[in-house]
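Worksheet: one structure, shown below.
Remember, it's 1-based here, ligands and their atoms both numbered in the order they're listed. What you see below is based on every heavy atom in this structure, not just the backbone, and it leaves out hydrogens, waters and symmetry mates.
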Amino acid sequence: MMADAEKAVELLREGKVVAVPTETVYGLAADALNPQAIARVFEIKNRPADNPLICHFNQIGQISSYVKNIPDSTLKLMQHLTPGPVSFMLDLSEDSPLQFATCGSAQVIVRIPDHPLLLEIIERLDHPVAAPSANTSGKVSPTSAQMVAEDLGVKVDAIVDGGECRVGIESTILDARNAHEVIILRHGNIGEKEIRDVLPAAMVRDVKPGERGVTPGSKYRHYAPDTQIFGADSFKAVAHERKIALLLTQESLDAIDVREREKFVNHQNVFVVLGSVKDLNDLARKFYSSISGVDRLDVTQAFFLRADLGDSSLAKALQTRLDKIISH
Ligand code: TXA
Ligand code: MG
């Protein structure tokens, strides 16, 4: 069933689970204060019960009553970067009702998403909304209502269609509880540069494996479409294959001789152009739909032609997703 914001709020109040748009990827939303609704999110996603959910708020003021405090660095970053594609780790207050969403962890990850429909839903509900990405565990995140419907279909009580996600990959997750350093727990569109613009003196670094308990995304290592995707270091390495999809950047495609390309396609292979390295925002926006689209092609397996995406935060974010998608 499709729902507008008003209907979604009604359903969330009844403890139902609704897929909602955000600027990053679609989320599978439940009232964050309702343990039964949260349990259903885990069931629908087939998500391991110890993997906590991000809690979404519509403004900074709403967060304060659920957490111990909002440290200065976190507050500054929130003021400058939210609503936006970035989430923050905070310490829960004692007996916080968010402990169900966090699976009993003493920390919560909070986010103020930049999507008018979800902000409206949270405001009307007047509770935070717990929402992991709206995909079956192990699959890629959905970036359109249609992708949600294809994966979860009737399992969800409703889907709110907010169009295609503007960013296309999951939010950056930061631990900025400490005044001196900001730890990147998960790479995303917001990176070191944006953080330094707000906190010029802070040290910004990647999380070390195991350093913050469950590092987002690191516990469950692989996600992918049903078609297996392997890495390829050169076109030559896969040129003789039949019935494969070759995922590559526009630049990689342009570098392949035209006759070689024709021969490849004549052998029932398909090129899947992910986008140009010169426009990673566009590539990121289409990324998950390109990847999951491979399942609809008449191919037996897929390869990704490795490419240097650069060293921007978005490049790092895309590279970490590719590393999880590629089978070894
Ligand atoms: O862009 C996003 O962040 C999307 C949209 C829907 O907001 N959400 C999202 O949620 O990507 P999810 O559940 O697919 O990824 C959240 C990651 C998971 O790897 C989870 O383990 C981690 O964050 N996480 C959530 N709460 C945590 C906590 N309290 N402590 C440690 N890790 C946490
Ligand atoms: Mg996810």
Side-chain angles (χ1 to χ4, degrees), residues 17-30 32 38 41-42 44-58 66-67 81-92 96 98-115 117-119 121-122 128-144 147-148 151-152 159-160 162 165-175 177 183-190 207 210-224 284 287-288 292 317 320-321 324-325:
V17 172
V18 181
V20 294
T22 85
E23 80 281 34
T24 58
V25 301
Y26 273 69
L28 193 58
I38 286 169
V41 170
F42 282 89
I44 292 170
K45 269 188 73 93
N46 195 18
R47 184 178 178 102
D50 61 349
N51 192 5
L53 310 183
I54 296 185
C55 293
H56 298 69
F57 299 79
N58 75 319
Y66 298 95
V67 298
L81 303 174
T82 70
V86 57
S87 304
F88 299 90
M89 180 178 266
L90 291 173
D91 294 315
L92 278 183
S96 171
L98 295 180
Q99 59 187 286
F100 297 101
T102 68
C103 305
S105 164
Q107 281 79 43
V108 60
I109 291 178
V110 305
R111 160 158 150 73
I112 303 174
D114 187 16
H115 196 292
L117 284 175
L118 181 52
L119 289 174
I121 289 168
I122 299 169
V129 155
S133 51
N135 53 283
T136 306
S137 259
K139 298 219 166 161
V140 299
S141 301
T143 51
S144 67
M147 277 177 80
V148 177
D151 180 4
L152 298 176
I159 302 175
V160 178
C165 301
R166 173 172 64 78
V167 177
I169 58 167
E170 304 86 344
S171 63
T172 304
I173 304 181
L174 301 176
D175 180 351
R177 289 174 296 169
I183 306 173
I184 301 178
L185 302 180
R186 178 172 74 183
H187 283 283
N189 193 31
I190 300 277
V207 68
E211 184 187 18
R212 279 291 178 278
V214 189
T215 300
S218 70
K219 194 164 182 193
Y220 307 98
R221 285 193 37 231
H222 192 71
Y223 53 74
F287 184 68
Y288 283 134
S292 68
T320 57
R321 270 74 174 175
K324 283 170 181 289
I325 287 166

So for ligand 1, is [X] a polar contact partner (N or O within less than 3.5 Å, distance only)?
| X | answer |
| --- | --- |
| Arg186 | yes |
| Arg111 | yes |
| Gln107 | yes |
| Ser133 | yes |
| Ser87 | no |

Between CZ on residue Phe42 and OG on residue Ser137, distance to nearest 0.5 Å
9.0 Å

Mind checking the CZ-CD spacing from Arg111 to Glu23? Nearest 0.5 Å is all I need.
4.0 Å

For the residue pair Ile38 and Phe100, what are the closest heavy atoms and their distance?
CG2-O, 4.0 Å

Test of understanding: given a 4.0 Å heavy-atom threshold, classify the contact between Leu185 and ligand 1 as side chain, backbone, both, or neither.
neither

Among Leu28, Asn135, Ile159, whose side chain to side chain contact (heavy atoms under 4.5 Å, CB included) with Leu152 holds?
Leu28

Going by the side chain to side chain contact (heavy atoms under 4.5 Å, CB included) test, name the single residue among Arg321, His187, Arg186 that passes it with Ile169.
Arg321

Taking the side chain as C-beta and beyond, is there a heavy-atom pair between Arg47 and Leu53 under 4.5 Å?
yes

Side-chain heavy atoms of Val41 within contact of Pro132, under 4.5 Å
yes

Taking only heavy atoms of [X], which atoms of ligand 1 are found under 4.0 Å from at least one of them?
| X | answer |
| --- | --- |
| Ser171 | 1 (O), 2 (C), 3 (O) |
| Ile173 | 23 (O) |
| Pro132 | 10 (O), 12 (P), 13 (O) |
| Glu170 | 1 (O), 11 (O) |

Show, in sequence, the C-alpha distance, side-chain angles and deciding distance for Glu170 and Ser141, and conclude whether the side-chain hydrogen bond (donor to acceptor under 3.5 Å, both in side chains) test is met.
CA-CA 8 Å; Glu170 304 86 344; Ser141 301; 2.6 Å; yes

Between Arg47, His56, Lys45, Glu23, flag the one that comes closest to atom 18 (C) of ligand 1 by a heavy atom.
Arg47

Would you mind finding which of Val25, Val20, Ile109 brings a heavy atom closest to atom 24 (N) of ligand 1?
Ile109

Could you tell me whether the Mg ion (ligand 2) has an N, O or S atom of Ser141 under 2.8 Å away?
no

Full working for side-chain hydrogen bond (donor to acceptor under 3.5 Å, both in side chains) between Tyr26 and Tyr288
CA-CA 11 Å; Tyr26 273 69; Tyr288 283 134; over 6 Å; no

